[in-house]
Amino acid sequence: DSVKADEENESLVLTDTLVREFLFEDFEDSSFAWYVSYSEYATASLERVEAGEGREGMAAHFTSQNDSVGGWALMGHYLGKEVDLSALDSVSFWVRGSVDNYISFAFDVLADSTSAYTSGKSWIHIDVPSEWSRIVVTPDSLLAADSIGGNIGWDAIKDHVTNLSIFGGKDGEFWIDEIVFYGVDWE
């Protein structure tokens, strides 16, 4: 079919590539598959609530308080096994809130003593908008390995991810909804 570009000299790329998508979580049924974890001197809670602020349906609402520089609080989801995300194109989600500093979206490997793998994560820090906004995380946008907070980098974990975590920042609250994975197959 013919296609007209809106602007002169605008590049137009046509492709037959179809990127698979998988709705990982929309919180419409519950948030029970998610756990809350936090360090000493921190507190956190997670509940399923009306999304609000112009967004229909349900969302997860995470709150945390933390009075220690080295402290943390997170909501997490165990994937049920080691998952190969090597072909991951991106992950998108909707978020809004008010937190001190930022939240961190992390792919984790939680290995036990019998595992051949090292525990660690690959993550990105995200400024939380006050209004619902769609965030897209790609493997290229994740922070380079630096061992800060256990960040061993995407290449070290991508083929055996065990958990997904969202760290809540120093203090505050955020709402998250509709987490979608692109480019990977799920059983």
Please report the interatomic distance NE2(His125) to OG(Ser104), rounded to the nearest 0.5 Å. 4.5 Å
Using every non-hydrogen atom in the two residues, find where Val161 and Val109 come nearest and quote the distance to one decimal. CA-CG2, 4.2 Å
Measuring from Ile126:CD1 to Phe174:CZ, what's the distance to the nearest 0.5 Å? 9.5 Å
Connected via hydrophobic side-chain network under 4.5 Å: Tyr102 and Leu74: no
Show, in sequence, the C-alpha distance, side-chain angles and deciding distance for Phe24 and His77, and conclude whether the side chain to side chain contact (heavy atoms under 4.5 Å, CB included) test is met. CA-CA 10 Å; Phe24 180 76; His77 191 293; 3.6 Å; yes
Smallest heavy-atom separation, Ala111 atom then Ser119 atom, equals N-OG, 2.9 Å
Spatial distance of atom CZ (Arg20) from atom CG (Asp185) [nearest 0.5 Å]: 4.0 Å
Ignoring hydrogens and angles, tell me if any N or O in the side chain of Trp123 forms a donor-acceptor pair with the backbone of Gly149 under 3.5 Å. no
State, to 0.1 Å, how close Glu56 and Asp177 come at their nearest heavy-atom pair, and which atoms those are. O-OD2, 4.5 Å
Arg55/Glu50 ion pair, N-O < 4.0 Å: no
Contacts under 3.5 angstrom, residues 57-64 side chains, donor-acceptor by atom type, not counting sequence neighbours:
residue	atom	partner	partner atom	Å
His61	ND1	Glu47	OE2	3.1
His61	NE2	Glu173	OE1	2.6
Thr63	OG1	Ser45	OG	2.6

I want to check something: taking the side chain as every heavy atom from C-beta on, are Leu164 and Trp34 in contact at a cut-off of under 4.5 Å? yes
When every non-hydrogen atom of Ile176 is compared with those of Met75, the smallest separation belongs to CG2-CE, 4.0 Å
Say you draw a straight line from CG of Asp155 to OG of Ser86; how long is it, rounded to the nearest 0.5 Å? 9.0 Å
Please determine whether residues Ile179 and Val137 belong to a single hydrophobic cluster, defined as Ile, Leu, Val, Met, Phe, Trp and Tyr linked transitively by side-chain heavy-atom distances below 4.5 Å. yes
Under a single-linkage definition using a 4.5 Å side-chain heavy-atom cutoff for Ile, Leu, Val, Met, Phe, Trp and Tyr, are Val36 and Phe105 assigned to the same hydrophobic cluster? yes
Please name the pair of heavy atoms, one in Tyr35 and one in Asn163, separated by the smallest distance, quoted to 0.1 Å. OH-ND2, 2.8 Å
List the atom pairs, donor and acceptor, that lie under 3.5 Å between side-chain atoms in residues 88-101 and the rest of the protein, sequence neighbours left out.
residue	atom	partner	partner atom	Å
Ser92	OG	Arg134	NH2	3.3
Arg96	NH2	Ala51	O	2.9

Derivation of the side chain to side chain contact (heavy atoms under 4.5 Å, CB included) call for Asp84 and His160: CA-CA 5 Å; Asp84 186 349; His160 55 279; over 6 Å; no
Any side-chain heavy-atom pair of Phe181 and Leu85 under 4.5 Å: yes
For residues 165-172, dump all side-chain donor-acceptor pairs below 3.5 Å to protein atoms at least two apart in sequence or in another chain.
residue	atom	partner	partner atom	Å
Ser165	OG	Asp108	OD2	2.3
Lys170	NZ	Asn66	O	3.4
Asp171	OD1	Asn66	N	2.7

Minimum side-chain heavy-atom gap Leu79-Thr162 below 4.5 Å: no
Looking only at heavy atoms, what is the nearest atom pair of Ser122 and Trp154, with distance? OG-N, 3.2 Å
For side chain to side chain contact (heavy atoms under 4.5 Å, CB included), just list the numbers for Phe22 and Tyr182, CA-CA rounded to whole Å, side-chain angles, deciding distance to a tenth of an Å, and then say yes or no. CA-CA 6 Å; Phe22 174 76; Tyr182 297 92; over 6 Å; no
Could you see if Phe27 belongs to whatever hydrophobic cluster contains Trp175? Use Ile, Leu, Val, Met, Phe, Trp, Tyr and a side-chain cutoff under 4.5 Å. no
Stepwise side chain to side chain contact (heavy atoms under 4.5 Å, CB included) check, Ile148 with Asn151: CA-CA 6 Å; Ile148 296 172; Asn151 177 27; 5.5 Å; no
Working to the nearest 0.5 Å, report the span between CZ of Phe107 and NZ of Lys158. 12.5 Å
Output for pair (Glu25 CD, Ser31 OG), nearest 0.5 Å, gives 8.0 Å
Shared ILVMFWY cluster between Ile124 and Trp72, side chains joined below 4.5 angstrom? no
For atom CG of Asp146, decide whether the heavy atoms of other residues, nucleotides or ligands shown that lie under 6.0 angstrom number more than 12. yes
